[in-house]
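Notes follow once the structure below has been shown.
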Amino acid sequence: MNRIRTRFAPSPTGYMHIGNLRTALYAYLFAKSQGGDFILRIEDTDRARYVADAVEFIERTLAAAKIIPDEGPHQGGKFAPYVQSERMDIYKRCAEELVASGHAYRCFCAGEEAPTDGNKFGGYNRHCRDLSPAEVEKNLAEGKPYVIRQKMPLEGETTFYDVLHGNITIANSELEDQVLLKSDGMPTYNFANVVDDHLMEVSHIIRGTEFITSTPKHVLLYDFFGWELPTFIHLAPVMGKAADGTVSKLSKRHGATGFHDLIAAGYLPEAITNYVALLGWSPKNSCQEIFTMDELIAAFSLDGLSKSPAVFDYAKLDWMNGEYFKAMTDEDFADAAQDYLADFDAPRRIFLASLLKTRVAKLSDIPQMTAFLKVLPPFDAELFTNKRNKLTPQKSAEILAPAIKILEQADDWSLDALNAKIAAFVEESGLKVGTVMWPLRIALSMQKVTPGGVTEILYLLGKETSLIRLNDALNALRH
RNA sequence: GGCGCCUUCGUCAAGUGGUUAAGACACCGCCCUCUCACGGCGGGUUCAAGGGUUCGAAUCCCUUAGGCGUCACCA
């Protein structure tokens, strides 16, 4: 068997959709799991859609996701160049070869407005198919622009094997005489893709199902050239669920759908890759869900791929991202959250990291969780009411007053000392721990949910601020 | 509309003729707890519908329905 070689062949749009990332991941995982090669090829044959710096963007994104090509525009390789716009002479030569062998022909309707009801395919499909050599010569001599079209068999059917779907058969009469070479000399996707996959010795084509119906055309091309067929694997799409419950192909309307959108929202690259791997694939004989890249490579196999569409679930991504947070050291989390914790000095930053990492689904949750440390939310007496601890605003004031006295006398504001002080106060008062803690927490933060408990907040706020807040709350309660 | 693909809990999914139909997320309940979180325990009419084949079907066959894709000088 030949060497396993897969490829990721994006067009340079400057955006890495999560579905594309997954396609790249699976191609990479398969190649690596088989000891093969993974190559990156840029399909920039549409001049109108050219985006500056898109190639670097794609390379950086793959690097961030730890999907490293063995060959590509940046790392080169024996089949360079890996950018299609730099391979035009190759496509031209191959197209002419097909014209010569009678499997393709020049169509001189290029640039003309296509009829809407010419035939079942519309456009100028098959229009110039039977031009005489003399007519072709005449048009060429006149310098008329042309495209080269693939001459499809009119009868019979074409069957190809797909690893996920088995044999797929489509009648040749369903196939149009698709354009191979455009009038600007650029190849179409359907042509360049086949030529390059063959030339670059790609053994397994892993791509989305949207290409399933054009695959027979590709297969015919391989036949015309007498090339060996690669193995096809068509992946089900990644779907998104809208607010109204409808499911459709994942797109902007579903929220963040680009790798960088997710990074910007505070998800870790490893968590994104991990989650995306499980969206349409699952390991055999195992229920493992948290995977390093190496573990993914070791566990990956084609028969774990799912053939039905998968809905992207932000809730599960949140969970998985949280698992990665919890596995991090406080220092690593503080580093990752650096941009969100810039307002705190180093020791506080590490301490906050330890409190935050089990409470936050994504980094961007940090600001709203820590905002109270900077600015106290407006006073709300109702927050002091707590059924479980049998607390009312009045009762809270009764607890706050002596507690403030004790804290005012504290000269050691360390966590341990604060803990001891409060514990002693609780014991003395004969109240339940929760009953004492509740009014303190509310007075200090004005919110029911806080990172850490009362001692942690006291410590973070410092003595001065803590006492100001406590006294303010007490006054407000008595008012 | 033609052609093609898909269909197991709300979501990701295991499952390949005989299982109490795994597991995870989410949800709900309980426990733990200085709130939340973390952790622990428990809960839920899930095989699209209808026909077959079979002693036996989520697994095999047919029909229907729904969803998705595709019908470009875009990929």
Side-chain angles (χ1 to χ4, degrees), chain A residues 9-11 13 43-46 48-49 107 109-111 114 120-125 145-149 162 164-165 168-171 173-176 178-190 192-193 207-216 234 236-237 239 241 245-249 275 278-290 304 306-320 322 326 355-360 369 386 388-389 419 422-423 426 432-438 440-442 445 447-457:
Chain A
S11 57
T13 60
E43 311 224 325
D44 59 343
T45 56
D46 185 0
R49 287 218 266 173
C107 171
C109 303
K120 77 182 284 190
F121 298 107
Y124 280 100
N125 175 58
Y146 64 85
V147 297
I148 292 181
R149 287 183 184 274
D162 180 285
L164 256 44
H165 302 102
I168 294 174
T169 300
I170 291 180
S173 59
E174 293 297 321
L175 275 21
E176 73 166 323
Q178 65 173 351
V179 170
L180 264 19
L181 215 61
K182 309 183 213 174
S183 55
D184 65 1
M186 281 285 192
T188 55
Y189 163 85
N190 287 312
N193 196 262
R207 72 209 332 178
T209 38
E210 65 268 30
F211 294 115
I212 222 164
T213 21
S214 43
T215 301
H234 287 97
M239 312 295 278
K241 191 180 234 170
T246 53
V247 167
S248 57
K249 201 166 173 181
Y275 174 68
L278 261 22
L279 250 194
W281 172 82
S282 66
K284 290 291 164 194
N285 312 312
S286 154
C287 290
Q288 184 177 350
E289 294 203 284
I290 305 295
S306 165
K307 55 183 174 176
S308 50
V311 176
F312 190 96
D313 182 5
Y314 290 94
K316 183 133 190 182
L317 208 212
D318 280 355
W319 167 78
M320 187 165 284
K326 279 178 251 169
L355 299 174
L356 252 16
K357 69 177 188 180
T358 58
R359 282 163 234 262
V360 127
M369 186 146 273
N386 180 270
R388 186 170 165 187
N389 289 312
N419 237 332
I422 295 178
V426 169
K432 278 177 35 184
V433 190
T435 309
V436 174
M437 294 300 187
W438 184 269
L440 286 170
R441 175 180 307 103
I442 299 297
S445 70
Q447 57 191 43
K448 293 183 183 176
V449 184
T450 54
V454 168
T455 34
E456 284 82 4
I457 303 171

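It should be emphasised that the depicted structure is a prediction, and the values quoted were computed from it without experimental measurement. Chain A is the first sequence line, chain B the second, and so forth, proteins listed ahead of strands; every chain is numbered from 1.
Minimum atom distance to the side chain of A:Leu279 is reached by B:rC12, of the listed B:rC12, B:rC34, B:rA75. Of the candidates B:rC73, B:rC34, B:rG69, the closest approach to any side-chain atom of A:Ser183 belongs to B:rC73. Comparing B:rG23, B:rA37, B:rC68 by their closest approach to the side chain of A:Glu289 singles out B:rG23. Comparing B:rG69, B:rC5, B:rC25 by their closest approach to the side chain of A:Asp313 singles out B:rC25.
As the counterpart of B:rA48, B:rU64 is assigned, both hydrogen-bonding distances of the Watson-Crick or G-U wobble pattern falling under 3.5 Å. Partner assigned to B:rG69 is B:rC3, using Watson-Crick or G-U wobble distances below 3.5 angstrom. Summarising the base pairing, B:rC30 is matched to B:rG40 through a Watson-Crick or G-U wobble pair whose two defining distances lie under 3.5 Å. Across the strands present, B:rA14 finds no partner; the criterion is a Watson-Crick or G-U wobble pair with both atom distances under 3.5 angstrom. In this structure, B:rU54 makes no Watson-Crick or G-U wobble pair, since no nucleotide meets both defining distances under 3.5 angstrom.
Across the P atoms, B:rU7 and B:rA26 are found 26 Å apart, a figure rounded to whole Å. Between B:rU45 and B:rC9, the distance separating the two P atoms is 15 Å to the nearest Å. Nucleotides B:rA14 and B:rC3, compared at atom P, are 31 Å apart to the nearest Å. B:rU53 and B:rG15 have their P atoms separated by 29 Å, with the value rounded to a whole Å. Between B:rC61 and B:rU16, the two C1' atoms lie 16 Å apart (nearest whole Å). For B:rC62 and B:rG44, the C1' atoms lie 34 Å apart once the distance is rounded to whole Å. Between B:rC32 and B:rC38, the distance separating the two C1' atoms is 11 Å to the nearest Å. Taking atom C1' on both nucleotides, B:rU8 is separated from B:rU19 by 14 Å, rounded to a whole Å.
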task: Any chance you could lay out the side-chain contact (heavy atoms from CB on, under 4.5 Å) test for A:Ile422 and A:Val454, step after step, and finish with the verdict?
output: CA-CA 9 Å; A:Ile422 295 178; A:Val454 168; 4.1 Å; yes
- Query: After noting the C-alpha distance and the side-chain angles of A:Gln178 and A:Arg149, does the key distance pass the side-chain contact (heavy atoms from CB on, under 4.5 Å) rule?
  - Reply: CA-CA 5 Å; A:Gln178 65 173 351; A:Arg149 287 183 184 274; over 6 Å; no
Problem - Verdict with supporting geometry, A:His165 and A:Thr209, side-chain hydrogen bond (donor to acceptor under 3.5 Å, both in side chains) - result: CA-CA 10 Å; A:His165 302 102; A:Thr209 38; over 6 Å; no
Could you pull out the protein-nucleic contacts involving nucleotides 1-3 of chain B (nitrogen or oxygen on both sides, under 3.5 Å)?
none

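Summary of the strand contacts: A:Ser308 and A:Ser248 both lie near RNA chain B, and taking for each the nucleotide with the nearest heavy atom, the more 5' one is attributed to A:Ser308. For the pair A:Pro10 and A:Val454, both in contact range of RNA chain B, the more 5′-proximal nearest nucleotide belongs to A:Val454.
Counting any heavy atom pair closer than 4.0 Å across all strands shown, A:Gly434 reaches sugar-phosphate atoms only and no base atom. Nucleic acid contact for A:Gly452: base, since at least one base atom lies under 4.0 Å from a heavy atom of the residue. Among the atoms of the strands shown, only primed sugar atoms or phosphate atoms (P, OP1, OP2) are found under 4.0 Å from some heavy atom of A:Val179. As judged by a 4.0 angstrom heavy-atom cut-off over every strand, A:Thr455 is placed among the base-contacting residues. A:Phe211 comes within 4.0 angstrom of a base, heavy atoms only. A:Val147 comes within 4.0 angstrom of a nucleotide base, judged by non-hydrogen atoms across all strands. Contact annotation for A:Thr450: base contact, defined as any heavy-atom pair under 4.0 Å involving a base atom.
Shortest non-hydrogen contact noted between A:Ala236 and A:Ser306 is CB-O, 4.2 Å. In plain terms, the two heavy atoms of A:Met186 and A:Asp44 that are nearest each other are CE-O, 4.2 Å. Residue A:Ile148 comes nearest to A:Tyr146 through the heavy atom pair CG1-CE1, 3.9 Å, listed as atom of the first residue, atom of the second, then distance. When every heavy atom of A:Ile170 is checked against every heavy atom of A:Leu175, the shortest pair comes out as CG2-CD1, 4.0 Å. Residues A:Gly452 and A:Leu355 share a closest heavy-atom pair of CA-CD2, 3.9 Å.
Atoms NZ (A:Lys241) and C1' (B:rC25) sit 13 Å apart, rounded to a whole Å. As a whole-Å value, the separation of A:Lys307 NZ from B:rC6 C1' is 8 Å. Remark: P of B:rA75 and OH of A:Tyr189 are 10 Å apart, rounded to the nearest angstrom. For A:Phe312 and B:rC12, the CZ to P distance is 12 Å, given to the nearest whole Å. Atom CG in A:Leu317 sits roughly 12 Å away from atom P in B:rA26 (whole-Å rounding). In this structure, A:Lys316 places its NZ atom 9 Å from P of B:rA24, rounding to the nearest Å. Remark: P of B:rA13 and CG of A:Asn285 are 17 Å apart, rounded to the nearest angstrom. Counting to the nearest Å, the C1' atom of B:rG69 and the NE2 atom of A:His165 are 11 Å from each other.
Within the structure, every side-chain polar atom (N or O) of A:Lys357 is placed at least 4.0 Å from both OP1 and OP2 of B:rC38. When the side-chain nitrogen and oxygen atoms of A:Thr45 are compared with OP1 and OP2 of B:rA75, one or more of them lie within a distance under 4.0 Å. Phosphate contact (OP1/OP2 of B:rG15, side-chain N/O of A:Lys284, threshold under 4.0 Å): present.
For A:Asp162 (side chain) and A:His234 (main-chain N/O), a donor-acceptor pair under 3.5 Å exists by modelled atom type.
Taking 3.5 Å as the limit, the base of B:rC73 and the side chain of A:Thr188 contain no donor-acceptor pair of atoms between them.
Residues passing the side chain to side chain contact (heavy atoms under 4.5 Å, CB included) test with A:Lys316, sequence neighbours excluded: A:Tyr275, A:Glu289, A:Asp313, A:Trp319.
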